[in-house]
S.K.: 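Please see the structure below; I have some questions.
Numbering of residues begins at 1 and proceeds along the displayed sequence.
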Amino acid sequence: GWLLAVLLAAAYSYWIPQIWRNAVVGSARGLRLRYVCGTTLARLVLPLYFLACPSNIALVAPSPLVWLLAAFSLAQAVTLVLQRMLGPRFFIPPALRPAVHDYQSALPPADDGQPGDLESGACDAQSAHTCAICLHPVGGPAPPESPAPEAAPETEPEPEPAHAITPCKHVYHKACLARWMEIKLECPICRALLPPVQD
């Protein structure tokens with residue numbers, strides 16, 4: 001009856017929290033698509049067997065509601081796939097989306113004064129604009145994994161800034177921070193939550 005339908009709908013809303021988190025955090029890289037598809041199909045095996053197969057071992061009468069349940073579950077998986085392809089907030093109207101942080105704002109002047117304390121996130125390395133991820137100077141020689149500036153053809157436009165400034169005002173190499181944020185969306189120094197880098 002309706003009680004079974006409500007319970008099944010609640011039990012099979014398992015991707016809704018992930019969809020919501022992707023939209024709030026602004027990143028949809030948390031789950032592999034293979035895992036999403038495999039989990040969705042595995043969770044549909046039992047309801048399709050008991051509610052769509054007339055000769056199931058429990059002798060449960062088939063119910064057309066199982067197809068609504070399957071469509072609801074597949075719609076959640078498709079939404080997760082679209083979040084990876086179109087962006088985690090693709091279904092939110094542009095006027096309602098939160099502002100995007102500009103990681104390439106102007107580099108602040110280096111502070112050569114007294115060292116700060118770790119609690120505030122202001123240390124000697126950060127004051128001198130040293131990337132806390134690779135420990136190379138920001139604005140100086142490129143880190144080992146980054147392409148050398150002279151490798152770019154002369155006909156290309158002026159390259160984008162190589163640095164990135166987080167909302168908590170910490171400075172890193174753009175490439176280093178991008179690799180870090182593929183694993184953790186938090187500042188390496190103060191652990192503040194970081195918005196994703198928008199392409």
Side-chain angles (χ1 to χ4, degrees), residues 15-36 79-152 156-199:
W15 291 133
I16 297 296
Q18 184 65 44
I19 294 171
W20 175 259
R21 181 192 179 278
N22 289 348
V24 170
V25 175
S27 175
R29 294 174 294 189
L31 299 175
R32 294 181 180 270
L33 296 183
R34 188 187 316 171
Y35 171 77
V36 172
T79 302
L80 286 175
V81 173
L82 291 177
Q83 283 185 313
R84 289 286 295 269
M85 298 173 58
L86 305 178
R89 297 168 177 157
F90 76 94
F91 54 87
I92 302 177
L96 300 179
R97 296 176 187 173
V100 177
H101 175 70
D102 181 15
Y103 281 91
Q104 298 180 14
S105 55
L107 192 66
D111 181 11
D112 296 327
Q114 296 297 322
D117 59 277
L118 291 176
E119 298 239 348
S120 63
C123 57
D124 275 336
Q126 195 63 22
S127 297
H129 296 325
T130 298
C131 176
I133 300 173
C134 69
L135 303 181
H136 283 73
V138 177
E145 293 85 359
S146 301
E150 58 270 16
E156 289 189 358
E158 184 177 350
E160 296 180 352
H163 67 272
I165 303 178
T166 62
C168 46
K169 306 304 181 185
H170 294 127
V171 182
Y172 306 94
H173 290 114
K174 181 181 176 181
C176 294
L177 187 62
R179 288 193 298 270
W180 174 275
M181 292 175 65
E182 290 178 359
I183 302 172
K184 289 185 177 181
L185 287 174
E186 61 181 29
C187 176
I189 292 179
C190 67
R191 305 300 179 187
L193 185 64
L194 297 179
V197 178
Q198 301 293 326
D199 297 329

S.K.: Given P88, which of L80, N22, L82 fulfils the side chain to side chain contact (heavy atoms under 4.5 Å, CB included) condition?
M.R.: N22
S.K.: For the atom pair NE2 (H136) and OG1 (T130), what is the distance rounded to the nearest 0.5 Å?
M.R.: 10.0 Å
S.K.: Report yes or no: does R84 contribute a side-chain atom to a donor-acceptor pair with the main-chain N or O of R32 at less than 3.5 Å?
M.R.: no
S.K.: Taking everything shown except Y35 itself, do over 12 heavy atoms lie less than 6.0 Å from its OH?
M.R.: no
S.K.: Minimum heavy-atom separation for Q83 to I19, with atom names?
M.R.: NE2-O, 3.3 Å
S.K.: Find the distance between CZ (F91) and CZ (R89) and round it off to the nearest 0.5 Å.
M.R.: 9.5 Å
S.K.: If you count the non-hydrogen atoms of other residues, nucleotides and ligands that lie under 6.0 Å from CZ in R191, is the total more than 12?
M.R.: yes
S.K.: Okay, side chain of W180, backbone of C187: is any donor-acceptor separation there less than 3.5 Å?
M.R.: no
S.K.: Does the side chain to side chain contact (heavy atoms under 4.5 Å, CB included) test come out yes or no for T79 and W15, once each step is laid out?
M.R.: CA-CA 9 Å; T79 302; W15 291 133; over 6 Å; no
S.K.: So which atom in I92 and which in A23 form the shortest heavy-atom distance, rounded to 0.1 Å?
M.R.: CD1-CB, 4.1 Å
S.K.: Taking the side chain as every heavy atom from C-beta outward, state whether L194 and L177 have any pair of such atoms under 4.5 Å apart.
M.R.: yes
S.K.: Test your reading of the model: is there a side-chain donor-acceptor pair from H173 to the backbone of A132, 3.5 Å cut-off?
M.R.: no
S.K.: Quick check: does any side chain N or O of Y103 sit under 3.5 Å from a backbone N or O of P195, one acting as donor and the other as acceptor?
M.R.: yes
